[in-house]
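Residue numbers count from 1 along this sequence. Computed from a predicted structure; not experimentally measured.
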Amino acid sequence: MNEFDEDVIVVGSGFGGSVAALRLAEKGYRVRVYEAGRRFEDEDFAKTSWDVRRYLWAPAFGCFGVQRIHRLPHVMILAGAGVGGGSLNYANTLYQPGASFFADPQWWGIADWASELAPHYATAKRMLGVVEHYPHTGPVERIMAGAAADLGVGDTFRHAPVGVFLGTPGVRVPDPYFGGEGPERTGCTLCGNCMVGCRVGAKNTLMKNYLALAERRGVEIEALRTVSEVRELPEGGFAVTTRRSGAWLRHSPRTVTAGHVVLAAGTWGTQQLLHRMKESGALPRISDAVGRLTRTNSEALDGAIAVKVPESLQLARGVAITTSFHVDERTHVENVRYGPGSNLMGALATILVPGDLPLWRRLGALVVHALRAPERQLRIGTLRHWSERGIIALVMQTADNSLTLSLRRRLGRLVMTSAQGHGEPNPSHLPQAHAAAAAIAARMQQDGGEPAEARGTWPEVFGIPLTAHFLGGAVISATPEGGVIDAYHRAWGHPGLHVVDGAAVPANPGVNPSLTITALAERALSHWPRKGEADLRPPQ
């Protein structure tokens, strides 16, 4: 019998990795979690997004924050970093996708996914403390309801399900979720800075539930360790090598062995590892389908902003996302906010220009629009009080589009690149998003009495959409030719390797995917045997 350092190594501590850590510890396994990002206590988060060292993730430059930004030729990606992964900077929005997601041809027929996942969605909601309907109605919620009505879709307007301990604002109480076994919690103060990091302690991050409970059961979490290699051992099991995150010289490499490895490093991190380990021969039997069906949730980030708003409007007050509506049957729109002072991400915003024009005409339209009222554009475009003057529109679709990711050599280094993949072309802009932003701007102007405009982003001007929900590329499939993992999330060709994060998601859910990633992980881990018991899962 092989003697490994650990039974299971989990790479990443986001929604999939945290589920794996807790559920495997409950089943008696020795578990170690590696996380590239740092560990945060509530008071460690940035007060505003201008504290770039604690907000942005660029470890080579001394920035160890929660917000990662990646770029591919066809998309710019916003992701999370730190112990707790994307839960540290996501908008605590926990929708369940509609029927089309479960019926996607990529995985339809492998299982009755809607029925199989139903109990695991229920578990995920309980663990993440979902409040099914955000209970507060303020100016932003009224503007969103009005915009939906103006677009003729008022019947689709709803308040969002959120993972926040609302409680009594600012009041700290014993754990209200897990019979006292979890950490103390503080009631939400509606400060709006959920996506910068909740300094109040109200946000139901993974450090408040799965990871806190996992550590109580003996799971070790090593922060600031980036996994550089996962290598199959000749006698079985894997060797996992890590290095110090962001180190220029002293990488401090360490190698640990385990019988199983769970990849949960986020779609970007997991795909990087799979592509590189297949290329190097460390994991030679990874399916050739790796990188295919990479999804962006068919997403766009537009919005609306005013020159100024009356103090009574308080657009920045509330949790990050509070409402949504459907422009059409496949296009979902949510309002998004940052809290007062968190204006850094406003640097991505600019004039909204028609996305179906050639680049030179988009640039020309931008210049013409700016020159028509230069003083107004300067006042609207300033970052001063940006979060208090605007509403971001996060637009997602269930459309069947995708990218295919692969490695290419650039300046002597292997880097990931993208190409259009299966289905419709991944969109560079969404007309529905432009319509929603215009409707929100009109309602803002009506309520605030000041000029307001629909806004886009600089990447979109150049044909590159933004997504906060990068998914797929190592998807569930019936055969190794169709995807990277089987129905139990075991990698084809390497059954001791498992993928339980967003990379496994096979289709665009059209809603925030965190709840779905958690439910899929719960289902996958429910099929593991207890340590020492026979594995009832069929062999590959």
Side-chain angles (χ1 to χ4, degrees), residues 11-14 17-18 33-71 76-92 186 189 191-203 205-208 211 221-228 242-252 265-266 268-269 272 301 316 319-320 336-349 382-388 390 392 457-459 466-468 470:
V11 183
S13 61
S18 65
V33 178
Y34 287 119
E35 169 56 53
R38 63 168 287 194
R39 190 177 185 120
F40 290 85
E41 302 301 330
D42 294 341
E43 61 273 15
D44 295 332
F45 293 111
K47 290 183 179 179
T48 75
S49 56
W50 289 110
D51 184 355
V52 295
R53 290 173 65 88
R54 289 196 286 182
Y55 175 56
L56 293 179
W57 174 258
F61 301 99
C63 297
F64 291 88
V66 298
Q67 180 66 71
R68 290 177 180 262
I69 301 177
H70 306 292
R71 185 188 176 281
M76 182 174 283
I77 301 151
L78 306 177
V83 178
S87 76
L88 301 180
N89 69 325
Y90 87 134
N92 20 263
T186 303
T189 60
C191 72
N193 262 332
C194 311
M195 297 186 297
V196 177
C198 180
R199 291 173 59 87
V200 174
K203 185 179 185 180
T205 68
L206 296 166
M207 279 303 298
K208 305 297 187 187
L211 293 177
I221 302 174
E222 285 199 51
L224 294 173
R225 299 298 299 181
T226 296
V227 173
S228 56
T242 64
R243 55 180 174 78
R244 193 160 56 93
S245 297
W248 286 77
L249 296 174
R250 297 180 180 176
H251 297 121
S252 304
W268 179 273
Q272 283 268 12
L301 282 160
V319 303
V336 187
R337 61 163 63 85
Y338 285 89
S342 287
N343 303 316
L344 180 62
M345 297 301 278
L348 292 172
T382 179
L383 295 184
R384 183 175 172 80
H385 299 303
W386 171 79
S387 65
E388 297 163 76
I392 302 167
T457 65
W458 282 107
L466 271 74
T467 181
F470 193 51

Check your understanding: Which heavy atom of A36 sits nearest a heavy atom of S245, and at what distance?
Key -> O-OG, 2.7 Å

Check your understanding: Can you check whether G339's main-chain N or O pairs, donor with acceptor, with S387's side chain at less than 3.5 Å?
Key -> yes

Exercise for review: Check G246 against P59 and note the closest heavy-atom contact, atom names and distance.
Suggested key: CA-CB, 3.5 Å

Exercise for review: Without swapping roles, check the side chain of S13 against the backbone of G84 for a donor-acceptor pair under 3.5 Å.
Suggested key: yes

Point to revise | Min side-chain heavy-atom separation T186-D42 under 4.5 Å | key: no

Exercise for review: Check R337 against A316 and note the closest heavy-atom contact, atom names and distance.
Suggested key: CD-O, 3.5 Å

**Study point:** Point-to-point distance, once rounded to the nearest 0.5 Å, from CG of L88 to CZ of R39
**Key:** 11.0 Å

Revision key, fill the gap. For G65 and A81 the tightest heavy-atom approach is O-CB, 3.6 Å

Review point. With sequence neighbours left out, which residue pairs that include part of residues 48-60 fulfil the salt bridge (Lys or Arg N to Asp or Glu O under 4.0 Å) condition?
Key: D51-R54

Review point. Just by modelled atom types, is the T242 backbone N or O under 3.5 Å from a matching donor or acceptor in the R225 side chain?
Key: yes

**Study point:** Any W57 side-chain heavy atom under 4.5 Å of V66 side chain
**Key:** no

Point to revise | Sub-4.5 Å side-chain heavy-atom contact between L78 and I69 | key: yes

**Study point:** Working for side chain to side chain contact (heavy atoms under 4.5 Å, CB included), residues D44 and R38
**Key:** CA-CA 10 Å; D44 295 332; R38 63 168 287 194; 3.6 Å; yes

Point to revise | From T226 atom OG1 to R243 atom CZ, the distance as rounded to the nearest 0.5 Å | key: 5.0 Å

Practice item. Please answer whether the main-chain N or O of Y90 pairs with a side-chain N or O of K203 as donor and acceptor at a distance below 3.5 Å. Key: yes

Point to revise | Nearest-0.5 Å distance, CE of residue M207 to CD1 of residue I221 | key: 5.5 Å

Check your understanding: Any side-chain heavy atom of W458 within less than 4.5 Å of one from L348?
Key -> no

Review point. Do the side chains of M195 and V336 get nearer than 4.5 Å, heavy atoms only?
Key: yes

Exercise for review: Grab the two heavy atoms, one from L206 and one from S18, that are nearest each other, plus how far apart they are.
Suggested key: CD2-OG, 3.3 Å

**Study point:** All side-chain hydrogen bond (donor to acceptor under 3.5 Å, both in side chains) counterparts of S49, not counting sequence neighbours
**Key:** none

**Study point:** Side-chain donor/acceptor of R199 to backbone N/O of F45, under 3.5 Å
**Key:** yes

Check your understanding: Rounded to the nearest 0.5 Å, how far does CG of N343 lie from OG1 of T48?
Key -> 7.5 Å

Point to revise | Sub-4.5 Å side-chain heavy-atom contact between I392 and Y338 | key: yes

Check your understanding: Can you tell me how far CG of L301 sits from OG1 of T467, rounded to the nearest 0.5 angstrom?
Key -> 7.5 Å

Check your understanding: Do the ring planes of H70 and W268 sit parallel (below 30°), tilted (30 to 60°) or perpendicular (above 60°)?
Key -> parallel

Practice item. Give a yes or no answer on whether the side chain of N89 reaches the backbone of A79 with a donor-acceptor pair at less than 3.5 Å. Key: yes

Practice item. Could you tell me which non-hydrogen atom of L383 sits nearest to which non-hydrogen atom of A347, and how far apart they are? Key: CD2-N, 3.5 Å

Check your understanding: When rounded to the nearest 0.5 angstrom, what distance separates OG in S228 from OH in Y34?
Key -> 10.5 Å

Practice item. Please check if the side chain of E35 supplies one atom and the backbone of L224 the other of a donor-acceptor pair under 3.5 Å. Key: no

Check your understanding: E43: what forms a side chain to side chain contact (heavy atoms under 4.5 Å, CB included) with it, not counting sequence neighbours?
Key -> E41

